[in-house]
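Keep in mind that the numbers below use all heavy atoms, side chains included, and drop hydrogens, waters and symmetry copies.
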Amino acid sequence: MSHPNAQSRLNFMEQSPDLFKKLQELGIAIVKSSDIEPGLGQLVDIRASQINGCAACLDMHVKQAKLSGERELRLYHIAIWRDSPLFSAKERAALAWTEALTQIAPTGLSDDLYAELREQFSEKELSTLTFRVIGINAANRANVAFRTPPGKYDREFGLDKAELA
C-alpha cells in the first residue's frame, strides 16, 4: 500500500536489532528446512503478503520466486488461485491454510480444511508449513506497521537480478 504523502516511520530493524535478528533467524531456519518445497514456501509468502497488504514483502518474495525459476503467469495467478488451473492440489491446500491462518475466523480453522491438508502433507510438513505462515505474517506486520518501502533492500539481497524494477 503506497503512502506517498505519509510521514516517514522508524526503521524497526535499526531500533530493535536483537529482536529483528531473532525474527530473521526464524525465517532462515524455516526456509532452510527441507520439510516443504522452496517453491511452495514462496507461494505461501506471496499470498500472505498480498492479504496483509505488505508491499515490501510482496515485492521481495515475487522477486525471489522469479529468481528461483517460478513461472510468471503463476505469480500473477496467486491472488486468484481458487479459479486458476495452474496450482496442484498440494499447493491449493497450502494456499487455503495460508489464508485461514492469516485471517483467522472467529470460528477458528475448520476440520474440513485440516482434513484436506492431512491428505497432502505429512505431520512434519504441516507443522513446518504452519511456521512458514507464522513467520511471514510476523514480517508482514512489522513492515506494514513501519511502511518499509518495496525494493529497499534489493541490492543487498541480490533481488535486483530479477529485473522486475
Side-chain angles (χ1 to χ4, degrees), residues 11-71 74-75 77-79 81 86-105 108-110 113-146 148-162 164:
N11 183 327
F12 68 94
M13 299 170 217
E14 291 174 359
Q15 295 303 312
S16 302
D18 293 339
L19 295 174
F20 175 66
K21 183 178 178 189
K22 295 294 182 191
L23 184 60
Q24 267 191 316
E25 288 171 359
L26 173 63
I28 290 167
I30 292 166
V31 169
K32 284 186 175 182
S33 166
S34 59
D35 300 324
I36 58 172
E37 303 84 28
L40 180 66
Q42 290 170 340
L43 295 177
V44 164
D45 290 346
I46 291 167
R47 186 64 190 128
S49 298
Q50 288 173 334
I51 293 166
N52 290 321
C54 184
C57 291
L58 181 59
D59 180 81
M60 174 186 292
H61 295 299
V62 165
K63 289 172 182 172
Q64 287 174 334
K66 184 168 189 246
L67 288 170
S68 297
E70 183 59 76
R71 293 181 8 227
R74 280 173 41 98
L75 293 175
H77 279 223
I78 293 170
W81 65 269
L86 302 179
F87 301 98
S88 68
K90 188 172 191 173
E91 291 169 333
R92 290 174 181 285
L95 290 166
W97 190 241
T98 300
E99 290 181 359
L101 283 175
T102 299
Q103 299 175 308
I104 297 175
L109 304 171
S110 79
L113 175 56
Y114 188 79
E116 179 184 340
L117 284 156
R118 291 299 292 129
E119 289 177 21
Q120 300 296 327
F121 293 92
S122 70
E123 289 180 357
K124 179 77 167 166
E125 290 171 327
L126 181 52
S127 179
T128 301
L129 175 64
T130 301
F131 274 101
R132 182 84 183 222
V133 177
I134 291 167
I136 189 59
N137 273 281
N140 287 167
R141 280 152 175 73
N143 284 299
V144 168
F146 298 109
T148 304
K152 182 174 182 174
Y153 299 102
D154 278 5
R155 219 173 268 152
E156 182 179 336
F157 294 121
L159 299 175
D160 49 338
K161 294 178 182 115
L164 288 174

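The local environment of CD in E123 is sparse, with at most 12 non-hydrogen atoms from other residues, nucleotides or ligands closer than 6.0 Å. Within a 6.0 Å radius of CZ in F131, other residues, nucleotides and ligands contribute 12 heavy atoms or fewer.
Scanning both residues, L129 and L117, for their nearest heavy atoms gives CD2-CD2, 4.2 Å. Closest approach of E116 and A93 over heavy atoms only: OE2-CA, 3.7 Å. For the residue pair A65 and L75, the shortest heavy atom distance occurs at CB-CD2, 3.7 Å. Across E91 and S88, no two heavy atoms sit closer than the pair OE1-N, 2.8 Å. The two atoms that bring T130 and W97 nearest to each other are OG1-NE1, 2.9 Å, heavy atoms only.
Within the 4.5 Å cutoff, the side chain of L19 has no heavy atoms near those of the F12 side chain. The shortest side-chain heavy-atom distance between L67 and L159 falls under the 4.5 Å cut-off.
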Identify each donor-acceptor pair in which a side-chain atom of residues 37-56 lies under 3.5 Å from a protein atom, sequence neighbours left out, and give them as a table.
unit_1	atom_1	unit_2	atom_2	d
E37	OE2	K90	NZ	3.3
Q42	NE2	S68	OG	3.1
D45	OD1	R132	NE	3.1
D45	OD2	R132	NE	3.3
D45	OD2	R132	NH2	2.7
R47	NE	E99	OE2	2.8
R47	NH1	Q50	OE1	2.9
R47	NH2	E99	OE2	3.2
S49	OG	D45	O	2.8
S49	OG	N140	ND2	3.0
N52	ND2	A48	O	3.2
N52	ND2	N137	OD1	2.8
N52	ND2	N140	OD1	2.8

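Rounded to the nearest 0.5 Å, atoms SG (C57) and CD (Q64) are 9.5 Å apart. Atom CZ in F20 sits 13.0 Å away from atom CD in Q15 (nearest 0.5 Å). Within the model, atoms OH of Y114 and CD of E119 stand 12.5 Å from one another, a figure rounded to the nearest 0.5 Å. Rounding to the nearest 0.5 angstrom, the gap separating the CZ atom in R71 from the CG atom in L86 is 5.5 Å. Here the straight-line distance linking atom CD1 of I78 with atom NE2 of H61 works out to 11.5 Å at 0.5 Å rounding. Expressed to the nearest 0.5 Å, how far CD1 of I36 lies from CD of E125 amounts to 8.5 Å.
For the pair K63 and D59, the salt-bridge criterion is met [side-chain N within less than 4.0 Å of a carboxylate O].
Remark: side-chain polar atoms of T128 are paired, donor with acceptor, to backbone N or O of K124 under 3.5 angstrom. Formation of a donor-acceptor pair under 3.5 Å by the R118 side chain with backbone atoms of F121 is found in this model.
By the side-chain hydrogen bond (donor to acceptor under 3.5 Å, both in side chains) test, D160 is found to be paired with no residue, residues two or more places apart in sequence or in another chain being considered.
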